[in-house]
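Note that the coordinates shown come from a computational prediction; the quantities given were computed from them, not determined experimentally.
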Amino acid sequence: MSGAIHLDRHGEHVALIRIDRPEARNALTPRMLCALADAFVVVRDDADVRAVVLTGTGDVAFCAGGDLGLTLPLMTGARAPQDEFDRRLLDDPRTLAASSLRGFDIVKPTICAINGTCLAAGFELMLGTDIRIAAEQAQFGLPEVQRALLPFAGSMARLPRQVPAALAMQLLLTGRPISAELALQWGLVTELWPSDRLLPRALELAEQIAGSGPVAVQAVRRAAIQGSGLPLPDAFALEDAAKRELMRSHDAREDPLAFIEKRAPRFVGR
């Protein structure tokens, strides 16, 4: 069974993760889910990585979800585990958490370049990313209920927080996909691009983020995520904590010094 997850470095501080199984619309096998989880752990723990781009191979699909012949039967118990990847997926909850970015904080800002169909587990993975841009031909959907299943990798919790409740329920309860144009209108994605310009644009955004102070970027991201939905006094407290952390950092002192010395700042991430 083919299928792979590729982890490459783009420049000094950007990691590129690519789901590679285009002949099956980049559907995720147990082995691929394990590899995806491992890739996210690697970039989380690599201090040199300051931004991440996630995409798929080809221009047909970003990810059509879990493999219907391998992954879903394993999860329902219709298929017994047959190898180490099957067993890991069932026995180690950290694998599913990391591979879906659900209950797993990658720490680094993550940009999803949705190069085509984005369904089921692919849609749920997208919801765990920070910035999403899409190809003009992309489609988005959660078809699980049509198969007597449910989206268990974060959509029931995350989607109603990211789009208006009625729109979330339409996607969750009908299982019908929406176009990239509707996804843009609903705020699921921020930009639409022709296929050949999608990845360059995602990498451009990642480079912009990676060029900023990593302590500041991660502090802003963390405070915004943790403060979402909290009462304002609690969210302000998170902002205050982020400010205290940042003002003690080398990078916060480096930028004004670089300005005075008329040179580019050298951020070190501490």
_Criterion side-chain contact (heavy atoms from CB on, under 4.5 Å) on Leu205 and Arg201, from CA distance to verdict_ = CA-CA 6 Å; Leu205 287 169; Arg201 173 56 177 161; 3.5 Å; yes

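- Dense packing is recorded around CZ of Arg87, with more than 12 heavy atoms of other residues, nucleotides or ligands lying under 6.0 Å away.
- One N or O on the side chain of His13 and one on the backbone of Asp48 form a donor-acceptor pair closer than 3.5 Å.
- The stretch residues 217-242 participates, sequence neighbours left out, in these side-chain hydrogen bond (donor to acceptor under 3.5 Å, both in side chains) pairs: Asp105-Arg221, Asp130-Arg221, Arg222-Glu245.
- At a threshold of 4.5 Å between side-chain heavy atoms, the hydrophobic network of Ile, Leu, Val, Met, Phe, Trp and Tyr places Leu199 and Ile17 in two separate groups.
- For the atom pair CD1 of Ile209 and CD of Glu204, the computed distance is 11.0 Å after rounding to the nearest 0.5 Å.
- Between Phe40 and Phe104, the ring planes lie tilted relative to each other; the angle falls in the 30° to 60° range.
- We find the SG-CG distance between Cys112 and Leu188 to be 11.0 Å, quoted to the nearest 0.5 Å.
- Taking every heavy atom of both residues into account, Cys118 and Phe62 meet most closely at SG-CD2, 3.8 Å.
- Not a single donor-acceptor pair under 3.5 Å links the side chain of Arg44 to the backbone N or O of Val107.
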*Start with the C-alpha distance between Thr29 and Arg21, add both sets of side-chain angles, then the distance that settles side-chain contact (heavy atoms from CB on, under 4.5 Å), and finish with yes or no.*
CA-CA 10 Å; Thr29 64; Arg21 195 183 173 211; 3.4 Å; yes

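- Tracing side-chain contacts under 4.5 Å through hydrophobic residues (I, L, V, M, F, W, Y), one reaches Met156 starting from Phe140; they form part of the same cluster.
- Side-chain contact between Ile111 and Thr129 is absent, with no heavy atoms from C-beta onward closer than 4.5 Å.
- A search for side-chain contact (heavy atoms from CB on, under 4.5 Å) contacts involving Thr71 returns Pro30, Leu33, Asp67, Met75, Leu89, not counting sequence neighbours.
- Contact between Ala153 and Arg102 at its shortest, heavy atoms only, is C-CD, 3.4 Å.
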Tabulate below the donor-acceptor pairs under 3.5 Å that side-chain atoms of residues 168-175 make, not counting sequence neighbours, or state none.
| residue | atom | partner | partner atom | Å |
| --- | --- | --- | --- | --- |
| Thr174 | OG1 | Gln170 | O | 2.6 |
| Thr174 | OG1 | Arg176 | N | 3.1 |

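- Using modelled atom types, no side-chain atom of Thr57 and backbone atom of Pro22 make a donor-acceptor pair closer than 3.5 Å.
- A distance of 6.0 Å separates CD1 in Ile19 from CG in Asn26, rounded to the nearest 0.5 Å.
- Among all heavy-atom pairs drawn from Ile133 and Ala202, the shortest one is CD1-N, 3.6 Å.
- Residue Val220 is found outside any hydrophobic cluster, as its side-chain heavy atoms come under 4.5 Å of no other Ile, Leu, Val, Met, Phe, Trp or Tyr.
- Here the closest heavy-atom approach between residue Asn115 and residue Gly56 is recorded as OD1-N, 3.0 Å.
- Applying the side chain to side chain donor-acceptor pair (under 3.5 Å) rule to Glu23 yields the partners Ser2; only residues at least two apart in sequence or on another chain are considered.
- For Asp46, the salt bridge (charged side-chain N to carboxylate O under 4.0 Å, His left out) partners two or more places apart in sequence, or in a different chain, are Arg9.
- In terms of hydrophobic clustering, with Ile, Leu, Val, Met, Phe, Trp and Tyr side chains grouped at heavy-atom distances under 4.5 Å, Val41 and Leu96 are assigned to a common cluster.
- In this structure Gln137 satisfies the side chain to side chain donor-acceptor pair (under 3.5 Å) test together with Ser195, sequence neighbours excluded.
- Ile106 CD1 to Leu54 CG: the interatomic distance, rounded to the nearest 0.5 Å, is 8.5 Å.
- In terms of the side chain to side chain donor-acceptor pair (under 3.5 Å) criterion, residue partners of Asp38 (sequence neighbours excluded) are, by chain and number, Arg88.
- With a 4.5 Å cut-off on side-chain heavy atoms, Leu159 and Leu142 count as touching.
- Between Val217 and Pro109 there is a side-chain heavy-atom pair separated by less than 4.5 Å.
- Proximity of Lys108 to Val43: side-chain heavy atoms (C-beta onward) are nowhere separated by under 4.5 Å.
- Within the structure, side-chain hydrogen bond (donor to acceptor under 3.5 Å, both in side chains) pairs that include any residue of residues 73-85 comprise Arg79-Gln82, Arg79-Asp86 (at least two apart or interchain).
- A donor-acceptor pair is defined here as one N or O able to donate and one able to accept, closer than 3.5 Å; such a pair exists between the side chain of Arg132 and the backbone of Leu127.
- Annotation for Ala64 and Ala120: closest pair O-CB, 4.0 Å, computed over non-hydrogen atoms.
- Both Ile114 and Met32 are members of a single hydrophobic cluster when ILVMFWY side chains are connected at heavy-atom separations under 4.5 Å.
- Closest non-hydrogen pair, Ala206 versus Val53, comes out as CB-CG2, 3.6 Å.
- Checked against side chain to side chain donor-acceptor pair (under 3.5 Å), Ser99 has no partners two or more places apart in sequence or in another chain.
- A continuous path of Ile, Leu, Val, Met, Phe, Trp and Tyr side chains, each step under 4.5 Å between heavy atoms, connects Leu28 with Leu150, placing both in one hydrophobic cluster.
- Screening residues 138-155 for side-chain hydrogen bond (donor to acceptor under 3.5 Å, both in side chains) gives Glu124-Ser155 as the qualifying pairs, with residues at least two apart or on separate chains.
- Residues passing the salt bridge (charged side-chain N to carboxylate O under 4.0 Å, His left out) test with Glu181, sequence neighbours excluded: none.
- Considering CG of Leu184 and OG1 of Thr190, their distance stands at 8.0 Å, rounded to 0.5 Å.
- We find the CG-CG distance between Leu74 and Leu70 to be 8.5 Å, quoted to the nearest 0.5 Å.
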